There are 2 protein chains.
Amino acid sequence: MKRTPGEISKMTERFEGAIRRAGIKLTPQRIAIYREVARTADHPDIETVFRNVRRKLPSVSLDTVYRTLGLFADLGLVMTVRPLGYRLRFDANTSPHHHFVCTRCGATLDFEYREFDTLRIPAAASALGRVESRHVEFRGLCASCAPGPARSKGKSAKRTNGTRSHRP
Amino acid sequence: MKRTPGEISKMTERFEGAIRRAGIKLTPQRIAIYREVARTADHPDIETVFRNVRRKLPSVSLDTVYRTLGLFADLGLVMTVRPLGYRLRFDANTSPHHHFVCTRCGATLDFEYREFDTLRIPAAASALGRVESRHVEFRGLCASCAPGPARSKGKSAKRTNGTRSHRP
DNA sequence: TTCTTAATTAGTAAATATTCCTATTTATCG
DNA sequence: CGATAAATAGGAATATTTACTAATTAAGAA
Ligand SMILES: [Mn+2]
Ligand SMILES: [Mn+2]
Ligand SMILES: [Zn+2]
Ligand SMILES: [Zn+2]
């Protein structure tokens, strides 16, 4: 799910403006980390970002990736998703959207859901507190993992409930 | 959010039947762990279950808690929730419901949302794969953490985006 | 451009969290 | 009661995340 060079440039430009407006330094590490998240719609986890950024900047440390993505999240430059059973993932798409997570391969895919976004907040929920954000997670088999056309991408099965497996 | 003794008995009875039907052993550890999750609607995490179960069974090991809760999740005896920014939590309420998560104290509260449950799956999502389950997470400040009546439960603020804090 | 300085980073240690290993215990069934 | 396969405790091993600190560097001033 690559983004086009045009999209990436536009996002990077917005990103650099936001960093400057925040009054913090625009370092090569920050640029590389942002670009790595913005490069695709894949929702990479920390380890993936780290591995890919190292190809451009071989000396970046894991600590920098953690620190930097945490900073971006606080600045609203990236969103975070934590699909059940998988690690925290990052998303440079900050427009309102929701996620479909494949219970087999972990693919995390965006979709829009206007019908949900415009639904009123039920009384049962507003009684609990002030709702500030809402998010839907759909789970199931993604198109690549679906049986039949046997077009598996070679990923192995994965527990779907967030727990480890236990011996028989 | 304690459950009544009546509810707990009923749940425990169903639990024991399910364990027997699954053809696995009904151990004191399994009973204690199940009862601890069923005791409240608090969605405890592993560490909390471990700590509380130890009060009854001081020798229970953390490994057993991990293993056992994973087993229960596979058997459908508990559900798992992983609120953004908090650890994996367990829920003995297996009826369809959704969650409100307090971004300050982490309280994870159940609510029903019929309007959502009956919503059709949007084409944008079914194009991605076969949707097998759906879950809504609302985030915001819970009633106890809301400002004003200053009735804070003493919990400290917490990052809301699933990342660690970074130095200023 | 060069200088100054506070912010940022790399590298590593430390702290957490989770899973694995295996000798011992035990629930279940005959 | 035994027999036995399943399950557990306890500790080791991994994996993940955060903390620490000396060295580097982006950004603004001169
Ligand atoms: Mn997304
Ligand atoms: Mn629940
Ligand atoms: Zn898949
Ligand atoms: Zn709260």
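Note that the structure is a prediction, hence the values are computed from the model and not measured. Protein chains get the first letters and strands the later ones, always in sequence-line order, with residue 1 at the start of each.
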*Short N-O contact, B:K10 and B:E13, less than 4.0 angstrom*: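 No, B:K10 and B:E13 are not salt-bridged.
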_Here's a test of your reading of the structure: between B:E47 and A:G23, which maps to the more 5' nucleotide of DNA chain C?_
A:G23
Using atom [atom1] of [X] as one end and atom [atom2] of [N] as the other, report the distance to the nearest whole Å.
X: A:I33; N: C:dT8; atom1: CD1; atom2: P; answer: 13 Å
X: A:I46; N: D:dA15; atom1: CD1; atom2: P; answer: 17 Å
X: B:L88; N: C:dT19; atom1: CG; atom2: C1'; answer: 14 Å
X: B:R30; N: D:dA9; atom1: CZ; atom2: P; answer: 11 Å
X: A:D63; N: D:dA15; atom1: CG; atom2: P; answer: 20 Å
X: A:D45; N: D:dA15; atom1: CG; atom2: C1'; answer: 13 Å
X: B:I19; N: D:dA6; atom1: CD1; atom2: P; answer: 15 Å
X: B:R164; N: D:dT17; atom1: CZ; atom2: P; answer: 10 Å

Think [X] has a side-chain N or O under 4.0 angstrom from the OP1 or OP2 of [N]?
X: B:Y66; N: C:dT19; result: no
X: B:T64; N: D:dA9; result: yes
X: A:R67; N: D:dT18; result: no
X: A:S61; N: C:dT9; result: no

Please check if the distance between the ring centroids of [X] and [Y] is under 6.0 Å.
X: B:Y66; Y: B:F50; result: no
X: B:Y34; Y: B:F90; result: no
X: A:H98; Y: A:F116; result: yes

_Any donor-acceptor N or O pair under 3.5 Å, side chains A:D63, A:S61_ = no
_Given D:dT8, C:dT8, C:dA17, identify the nucleotide with an atom nearest to the side chain of B:R87._
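Of the candidates, C:dA17 comes closest.
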*With rounding to the nearest 0.5 Å, note down the distance linking CZ in A:R39 to CG in A:N52.*
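Rounded to the nearest 0.5 Å, the CZ-CG separation comes out at 5.5 Å.
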Using atom types as modelled, flag every donor-acceptor pair under 3.5 Å from a side chain in residues 25-32 of chain A to any protein atom, sequence neighbours excluded.
unit_1: A:T27; atom_1: OG1; unit_2: A:R30; atom_2: N; d: 3.1
unit_1: A:R30; atom_1: NH1; unit_2: A:K25; atom_2: O; d: 2.7

_Return a single string for nucleotides 24-30 of chain C, one symbol per nucleotide in 5' to 3' order, where B is base contact, S is sugar-phosphate-only contact and - is none, cutoff 4.0 angstrom on heavy atoms._
--BBS--
